[in-house]
Structures are given as structure tokens and as C-alpha cells.
Amino acid sequence: MKRLIMILLAMAAALSLCACSGQNQEEAGQTTAPPATAEPLATETAQVTASVSTEESAASAIPSSVEPLSIPEAVDGWQESYLAFLDDNYDIFAALWPEGMTGVGFVDLDLDGTPEMIVFDQGASATLGAQLFDLVDGQVACVSSTLDSASGAFGDEYFTTVSVCTSYFEAFRLSYTVDDGWCFWVDSANGTLESTWNEIIRFDCENGALTPVSVCTRYLESDEETGLVVVESYTVSGQEAQASDYDGAANIYLYGQDAGYEAAGVFLWSDNSYDTTYDGLMAMARAAVDAYKPIVTEDISAS
């Protein structure tokens with residue numbers, strides 16, 4: 001219950017001062033429209049209509065029983081692979097994010113046993129941008145970034161258009177839902193006092209690579225003087241939707257059976273020996289390897 005309350009408070013806080021770098025680093029000041037890295041809608045989208053109430057959808061999201069979680073063994077040498085990747089590609093990171101990276105962490109987001117690497121950029125204010133990397137067939141691939149240009153810089157074979165803006169490793173939440181079983185989720189958010197963008201993202205695995213999936217989005221624009229919402233739009237599974245449909249889809253995330261797992265990572269402000277230089281990034285990455293918390297399935301509730 002305490003964790004649920006924290007999540008609800010976090011979603012409410014996202015409607016205040018939160019902004020991540022995303023496209024703002026490439027197109028400064030573009031804060032009154034959804035980020036260009038969000039999953040694009042089809043040219044002609046079907047209007048989603050509510051079929052159940054928010055209360056009913058919340059009730060249906062709560063699992064009556066939970067299947068045990070099974071995770072394969074991690075790939076040998078994953079630590080060295082990620083560290084070598086950062087070492088080899090530091091010049092690219094420095095070019096794409098000249099202000100430097102603020103954090104590194106490892107989380108097994110697709111539950112295949114081998115953790116993915118999360119590298120945070122500076123962000124624009126309270127919310128940071130997360131770059132996600134996966135180890136696929138022995139090679140590190142960028143699967144998500146707040147910059148579209150990262151796809152060309154790191155290769156686009158597994159790159160998706162779903163980007164993540166959050167400020168905590170713990171924001172990546174492992175939970176069990178009726179429809180999807182065990183999955184990691186995150187509530188991604190950015191914006192200003194006048195406009196906010198929320199996107200609930202589920203992490204799957206396709207073709208052996210981590211695949212972030214946009215579950216639902218919400219965009220709100222408020223009048224600067226009155227604070228009243230003057231523009232609002234929603235999507236569910238990439239289609240235009242109503243507020244009630246967004247709430248219904250979001251409830252799957254909110255009311256899933258939480259595993260109680262808290263992801264760990266290292267931010268540069270946690271130790272004054274870290275900074276935004278090459279040495280600082282590599283030091284954070286090595287510390288993040290040591291801080292990595294593998295998921296212990298025996299500690300995950302199965303009832």
C-alpha cells in the first residue's frame with residue numbers, strides 16, 4: 001500500500017515542474033507539444049471508446065493469483081561488455097550530450113537474466129533522460145534514447161521511438177498484471193508548469209532485445225494565468241483515446257502486484273569523485289556494476 005501511494009504521488013508530481021532533455025536538447029524550447037521521440041500515431045487513428053468504468057478496470061487489473069517468476073542465468077562477461085562499450089563510445093556520448101551524463105545503472109528490464117544498462121543525461125530540470133542499452137548476441141545495442149540521433153550514432157537495428165524520462169532507478173517497477181504477467185513498467189514524464197506529458201511504458205523482449213512499449217499517453221496544456229487545462233489529448237496503444245480510457249490502461253500499471261524489487265544505480269552527486277568527464281563516467285559505471293541488484297526470484301511473492 002505504501003508503494004502504491006508513492007506511485008500515485010509520483011504521477012501527481014509529474015503534473016508539476018518536470019522536464020527531461022529529450023528533443024529539448026535538439027530543439028530548445030519545444031515544451032508545449034509531445035516529444036518527437038514518442039511513438040507516432042498512425043495517419044488515421046481509430047477513436048477508442050470507454051467500455052468499462054475506471055473502477056471496473058482497476059478491479060480487473062488486480063490479480064487474484066500470481067505466477068512464480070523464473071529468470072535465466074546472466075550471460076557471462078556482461079559487465080566487461082558494457083564497460084568496454086562505454087570506453088569505446090565515450091566520444092559519441094560527449095558529442096551527443098556535451099553537458100555529460102549523470103548516472104549509470106543496470107536493471108534486467110526484459111527479465112532475460114542479463115541486465116540492461118541505463119545511462120542518464122542531465123535533463124532539463126527535475127526529470128532526467130534515460131538511454132537504454134541491451135546486450136544482444138554479444139553486442140551492446142541502444143534500444144531507447146531521448147535523442148533520435150542516438151539511433152544513427154549507436155546503430156538503429158534495435159532502436160525504438162519510445163523514450164524514457166524519469167529521475168530514479170527505482171522508478172522502473174517490476175510487477176505482475178493479469179494481462180502481461182511479470183513485467184517492468186515506468187511512468188515517463190516531462191513538461192513545464194504550462195504543459196505536461198506522461199507516458200506509461202511496459203518493457204518487453206522482441207527478437208532477443210529489450211523493447212519498450214507505449215501503453216498509454218496523456219498530454220495536458222494549461223492556461224498560464226488560471227491554471228485550467230485548455231488542451232488535453234490521450235492515447236491507448238497508439239490510438240487516440242478518452243481520459244477514461246487512459247485511466248483504465250494506467251490502472252493496469254497502478255494496481256499490478258508489486259514485486260517489491262528496487263533497482264539500483266549510481267549518480268554523480270552520490271560521490272564527489274564522479275564528474276562528467278570520461279574518468280567520471282567510467283568510475284560511475286564500474287560502481288554501478290558493483291551496485292547491481294539481481295532479481296532473487298525466491299524473494300518475489302507468488303501469491
Side-chain angles (χ1 to χ4, degrees), residues 7 9-38 86 89-90 92-107 109 116-133 142-151 153-154 159-173 185-201 212 214 217-220 263-272 274-277 280-281 283-285 287-288:
I7 293 171
L9 290 175
M11 292 187 68
L15 295 177
S16 61
L17 277 173
C18 61
C20 81
S21 57
Q23 294 303 307
N24 292 337
Q25 291 183 334
E26 295 184 316
E27 301 179 36
Q30 300 292 324
T31 57
T32 59
T37 50
L86 291 176
N89 292 278
Y90 176 75
I92 296 178
F93 277 94
L96 291 176
W97 296 278
E99 294 183 349
M101 314 310 290
T102 62
V104 183
F106 298 94
V107 186
L109 293 173
E116 283 69 49
M117 179 171 66
I118 304 171
V119 183
F120 280 100
D121 62 37
Q122 290 277 4
S125 61
T127 304
L128 307 177
Q131 331 312 315
L132 307 180
F133 298 86
C142 183
V143 300
S144 173
S145 173
T146 53
L147 296 182
D148 282 338
S149 52
S151 65
F154 296 116
F159 192 81
T160 70
T161 56
V162 179
S163 60
V164 177
C165 297
T166 186
S167 298
Y168 306 96
F169 291 103
E170 297 88 346
F172 295 90
R173 176 191 171 199
W185 301 68
V186 70
D187 183 9
S188 174
N190 67 5
T192 67
L193 283 175
E194 289 75 36
S195 62
T196 58
W197 170 267
N198 284 78
E199 183 171 22
I200 291 180
I201 298 167
S214 177
T217 68
R218 172 179 59 193
Y219 173 69
L220 302 177
V266 175
F267 285 106
L268 61 81
W269 46 78
S270 64
D271 188 322
N272 57 18
Y274 307 137
D275 55 32
T276 57
T277 65
L281 177 62
M284 280 192 294

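Please read all numbers here as calculations on a predicted model, not as lab measurements. For this chain, numbers begin at 1 and follow the sequence in order.
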Heavy-atom pair with the smallest gap, counting every atom of [X] and [Y]:
X	Y	result
Ile201	Ser163	CD1-O, 3.5 Å
Leu96	Ser149	CD2-OG, 3.5 Å
Val162	Ser214	CG2-N, 4.1 Å
Val266	Tyr274	CG1-CE1, 3.3 Å
Thr192	Thr196	O-CG2, 3.6 Å
Phe154	Cys142	CB-CB, 3.7 Å

Nearest 0.5 Å, please: how far is [atom2] in [Y] from [atom1] in [X]?
X	Y	atom1	atom2	result
Ser195	Leu220	OG	CG	9.5 Å
Thr146	Phe120	OG1	CZ	10.5 Å
Ile200	Asp187	CD1	CG	5.0 Å
Glu199	Trp197	CD	CH2	6.0 Å
Leu128	Cys165	CG	SG	9.0 Å
Phe267	Ser167	CZ	OG	7.0 Å

Would you please test Met284 and Leu268 for side chain to side chain contact (heavy atoms under 4.5 Å, CB included) and show each step? CA-CA 7 Å; Met284 280 192 294; Leu268 61 81; 3.7 Å; yes
Should Leu132 and Glu116 be marked as a side chain to side chain contact (heavy atoms under 4.5 Å, CB included) after you check the CA-CA gap, both sets of side-chain angles, and the distance that decides it? CA-CA 7 Å; Leu132 307 180; Glu116 283 69 49; 5.9 Å; no
Do Ser145 and Gln131 pair up side chain to side chain, a donor and an acceptor below 3.5 Å, judged on atom types alone? yes
Examine the side chains of Asp121 and Thr102 and answer whether a donor and an acceptor come within less than 3.5 Å of each other.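 Side chains of Asp121 and Thr102: no pair found under 3.5 Å.
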With no hydrogens and no angle check, is any side-chain donor or acceptor of Thr166 less than 3.5 Å from a backbone partner on Ala171?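 Checking the backbone N and O of Ala171 against the side chain of Thr166, no donor-acceptor pair under 3.5 Å is found.
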Indicate yes or no: at least one non-hydrogen side-chain atom of [X] is less than 4.5 angstrom from one of [Y].
X	Y	answer
Trp97	Leu147	yes
Phe159	Val143	no
Met101	Val119	yes
Phe93	Leu86	yes
Met117	Val104	yes

Does atom OH of Tyr168 have more than 12 heavy-atom neighbours, drawn from other residues, nucleotides or ligands, at distances under 6.0 Å?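 It does not: Tyr168 OH has 12 such atoms or fewer within range.
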Only one of Phe133, Phe172, Phe106 forms a side-chain contact (heavy atoms from CB on, under 4.5 Å) with Ile118, so which one is it?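 So, applying the side-chain contact (heavy atoms from CB on, under 4.5 Å) to Ile118 and each of Phe133, Phe172, Phe106, only Phe172 qualifies.
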